Amino acid sequence: MRVLKFGGTSVGIPANAEQALRLVRERAGEDLVVVVSALSGVTNQLVEFARGGAPREAIVAQLNMRHVEHAHALGVPERVVTPLLDALRDEIAGAAADAPLSAADRDRVAAYGERLAAELFAAALTARGTPARAVLAGEAGLVTNDAFGQATPLPEAAATIARALGERRPLPVVTGFLGRTLDGRTTTLGRGGSDYSAAILGAALGAEEIQIWTDTSGMLSADPRIVPEARPVPRLSFAEASELAYFGARVLHPKTLLPAMERGIPVRVLNTARPDDPGTLITATAEPEPRGWRAKSIASKQGVTAVTIASTRMLLAHGFLARVFEVFGRHRIDVDLVTTSEVSISVTVDDTSRLPAVVSELEGIGHVDVKEGLAVVAVVGEGAPTQVGLAGHVFTLLGGVGVTVEMISQGASRVNLSFVVTASEAAKVVRLLHRGLGLDAEQVPAAMPASGRPLDTLAGAT
Ligand code: ADP
Ligand code: ASP
Ligand code: MG
């Protein structure tokens with residue numbers, strides 16, 4: 001069986017939605033499960049509703065119009081969406097004016113986007129002669145813990161999903177992004193989490209392939225909003241794709257590859273509007289990269305903070321690193337990059353909400369310095385960090401345009417050379433490296449020239 005996941009622009013723009021419906025119908029004879037995201041932009045509006053920052057009446061009115069118009073565009077009756085839209089309106093009365101909702105209420109409200117999208121997609125399929133049914137993730141057996149906003153599937157989820165989705169006629173159209181606690185409360189898996197939903201379902205059902213249908217022709221050599229000439233990367237390993245997703249390639253939710261990796265299920269990223277493009281195939285082993293340079297793609301992540309703990313006295317003493325990481329661990333802050341010197345250790349973190357408490361504890365261990373406004377840039381390709389000359393070439397290019405590198409980490413995974421720069425310089429760095437490493441080249445360069453591309457040919461790259 002296969003899982004086909006359609007993202008927000010694939011289901012949310014009528015022309016793309018028609019294309020997505022056609023793609024499913026062409027495969028209707030196969031054993032499928034479809035996963036859908038909310039129509040593009042809808043989750044943002046629901047998050048706004050939950051925050052209470054904007055008038056809730058106005059948000060509900062806009063969401064009403066959008067979904068009713070979409071129903072008309074797809075030729076399905078309004079009554080497919082009106083019960084859910086009425087329920088959403090009722091949420092206004094249950095919320096204290098202007099006050100943010102609780103975490104559990106936030107997830108219940110955020111869920112309307114995927115619920116509406118699944119009803120619309122299933123009804124449109126049925127109307128076109130392919131019987132389908134909308135299935136809430138919870139009904140599909142996707143049980144999670146109660147970490148609202150960032151829920152994790154429970155160990156028994158694989159079994160409950162396999163049971164709940166054992167019967168796949170009529171075709172299940174499952175809500176992405178959502179889960180349910182054992183006591184029946186709706187959870188969400190984190191923003192962009194529908195990709196993760198597809199992978200969880202695919203792994204539980206032993207899929208032969210998980211397909212992520214989106215608005216780019218695969219995972220590209222860089223974020224196309226930063227590098228318009230970025231090109232699709234035909235093959236990636238799970239490790240490479242995970243690093244890219246983790247370091248900012250939004251096209252895949254960072255956790256997507258975990259369930260696929262565990263079960264060895266290939267993941268394909270495809271373009272709904274251009275279904276004949278080959279897209280990107282992600283599997284356990286990387287195809288040897290034909291480029292001499294070996295880097296395949298560059299990602300960048302904004303909103304990074306570096307924390308440096310300096311202690312002349314203690315760094316080399318055994319147990320020092322353990323003490324530092326124990327503090328981050330206890331406050332449940334994920335650490336991304338780590339570099340050490342003889343007298344200091346620097347780490348980067350994304351989430352600064354609990355940082356003040358961490359800093360005050362770390363001050364008991366050494367002198368602490370916090371630097372905000374940074375970005376991580378990750379140059380990804382199996383073997384890239386150990387490729388002779390790659391690091392030298394990267395940092396020569398950066399030096400040539402006067403970019404200061406704050407931290408460098410040659411990912412232990414051997415697939416990622418990452419470093420930290422000032423946030424405002426990240427886009428320029430990605431563009432420079434994309435060109436400088438030949439990722440924009442139509443023809444695969446035979447090998448990296450000893451000196452790389454002359455810097456003066458890169459003048460336009462920034
Ligand atoms: P969907 O709604 O289908 O889930 P997303 O908007 O979540 O789509 O992800 C697709 C977007 O991810 C692309 O339109 C692109 O702007 C962005 N993106 C960032 N990095 C990459 C990359 N390396 N390859 C492809 N897309 C990327
Ligand atoms: N609709 C959700 C979001 O916008 C999940 C997703 O798109 O994958 O975050
Ligand atoms: Mg997405």
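All figures in this text were calculated on a predicted structure; none of them were measured in a lab. Counting convention: from 1, in listed order, for ligands and their atoms alike.
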Student: What atoms in ligand 1 come closer than 4.0 Å to a heavy atom of Asp215?
Tutor: 10 (C), 11 (C), 13 (C), 14 (O)

Student: Hey, are Glu91 and Arg108 close enough for a salt bridge, meaning a charged N less than 4.0 Å from a carboxylate O?
Tutor: yes

Student: Evaluate the criterion side chain to side chain donor-acceptor pair (under 3.5 Å) for residue pair Thr188 and Arg106; output intermediate values, then yes/no.
Tutor: CA-CA 9 Å; Thr188 63; Arg106 256 193 326 258; over 6 Å; no

Student: Determine, for Glu425 against Lys428, whether the closest basic-nitrogen to carboxylate-oxygen distance falls under 4.0 angstrom.
Tutor: yes

Student: Please check: side-chain N/O of Gln302 versus main-chain N/O of Ala423, any donor-acceptor pairing under 3.5 Å?
Tutor: yes

Student: Any heavy atom of Glu114 closer to ligand 2 than 4.0 angstrom?
Tutor: yes

Student: Does Asp336 come within less than 4.0 Å of Lys301, counting only side-chain N to carboxylate O?
Tutor: yes

Student: In terms of atom number and element, which parts of ligand 1 are under 4.0 angstrom from non-hydrogen atoms of Thr214?
Tutor: 1 (P), 3 (O), 8 (O), 10 (C)

Student: Quick one: ring-ring contact (aromatic ring centres under 6.0 Å, His included) pairs with a partner in residues 172-197, sequence neighbours left out?
Tutor: Tyr196-His253

Student: Look at ligand 1 and say whether Ser37 reaches it with a heavy atom at a distance under 4.0 Å.
Tutor: no

Student: Name the closest protein heavy atom to atom 17 (C) of ligand 1, giving the residue it belongs to and the distance to 0.1 Å.
Tutor: Arg225 NH2, 3.9 Å

Student: Distance under 4.0 Å to a non-hydrogen atom of Ala222: what atoms of ligand 1 satisfy this?
Tutor: 22 (C), 23 (N)

Student: Nearest heavy-atom pair of His70 and Ala17: which atoms, and what distance?
Tutor: NE2-CB, 4.2 Å

Student: Which residue and atom name correspond to the protein heavy atom nearest atom 4 (O) of ligand 2, and how close is it?
Tutor: Arg191 NH2, 2.9 Å

Student: For atom 27 (C) of ligand 1, find the nearest protein heavy atom and state the residue, atom name and distance (0.1 Å precision).
Tutor: Pro224 CD, 3.6 Å

Student: Counting heavy atoms only, which of Ile226, Asp223, Thr9, Thr216 is nearest atom 25 (C) of ligand 1?
Tutor: Thr216

Student: Write out the residue and atom name of the closest protein heavy atom to atom 6 (C) of ligand 2, then the distance separating them to 0.1 Å.
Tutor: Ser194 OG, 3.4 Å

Student: Taking 4.0 angstrom as the limit and counting only heavy atoms of Gly218, give me the atoms of ligand 1 inside it, by number and element.
Tutor: 25 (C)

Student: Name the option, out of Lys5, Arg191, Arg250, that contains the heavy atom nearest to atom 11 (C) of ligand 1.
Tutor: Arg250

Student: Can you tell whether the side chains of Glu119 and Arg133 come within less than 4.0 Å, N to carboxylate O?
Tutor: no

Student: Would you mind listing which atoms of ligand 1 come within a distance below 4.0 Å of any non-hydrogen atom of Gly8?
Tutor: 1 (P), 2 (O)

Student: Check each atom of ligand 1 against the heavy atoms of Met219 and keep those under 4.0 Å away; list them by number with element.
Tutor: 24 (N)

Student: Could you find the nearest protein heavy atom to atom 7 (O) of ligand 2 and give me its residue, atom name and distance?
Tutor: Ser37 OG, 3.5 Å

Student: Decide whether the shortest distance between a heavy atom of Gly193 and an atom of ligand 2 is less than 4.0 Å.
Tutor: yes

Student: Determine, using ring centers only, whether Phe419 and Phe395 are less than 6.0 Å apart.
Tutor: yes

Student: To the nearest 0.5 Å, what is the distance between OG (Ser40) and CG (Asp215)?
Tutor: 9.0 Å

Student: Taking NZ, NE, NH1 and NH2 as the nitrogens, is one of them in Arg185 or Asp183 under 4.0 Å from a carboxylate oxygen of the other?
Tutor: yes

Student: Any idea which protein heavy atom is nearest atom 24 (N) of ligand 1, and the distance to it?
Tutor: Leu220 N, 2.9 Å

Student: List the closest protein heavy-atom neighbour of atom 26 (N) of ligand 1: residue, atom name, distance to the nearest 0.1 Å.
Tutor: Val251 CB, 3.5 Å

Student: Report the part of Ser40 in contact with ligand 1, treating N, CA, C, O as backbone and CB onward as side chain, heavy atoms under 4.0 Å; options are side chain, backbone, both, neither.
Tutor: neither

Student: Taking the non-hydrogen atoms of Gly192, is any one of them nearer than 4.0 angstrom to ligand 2?
Tutor: yes

Student: State whether Arg168 and Asp31 are salt-bridged, where the test is any N-O pair (Lys NZ or Arg NE/NH1/NH2 against Asp/Glu carboxylate O) under 4.0 Å.
Tutor: yes

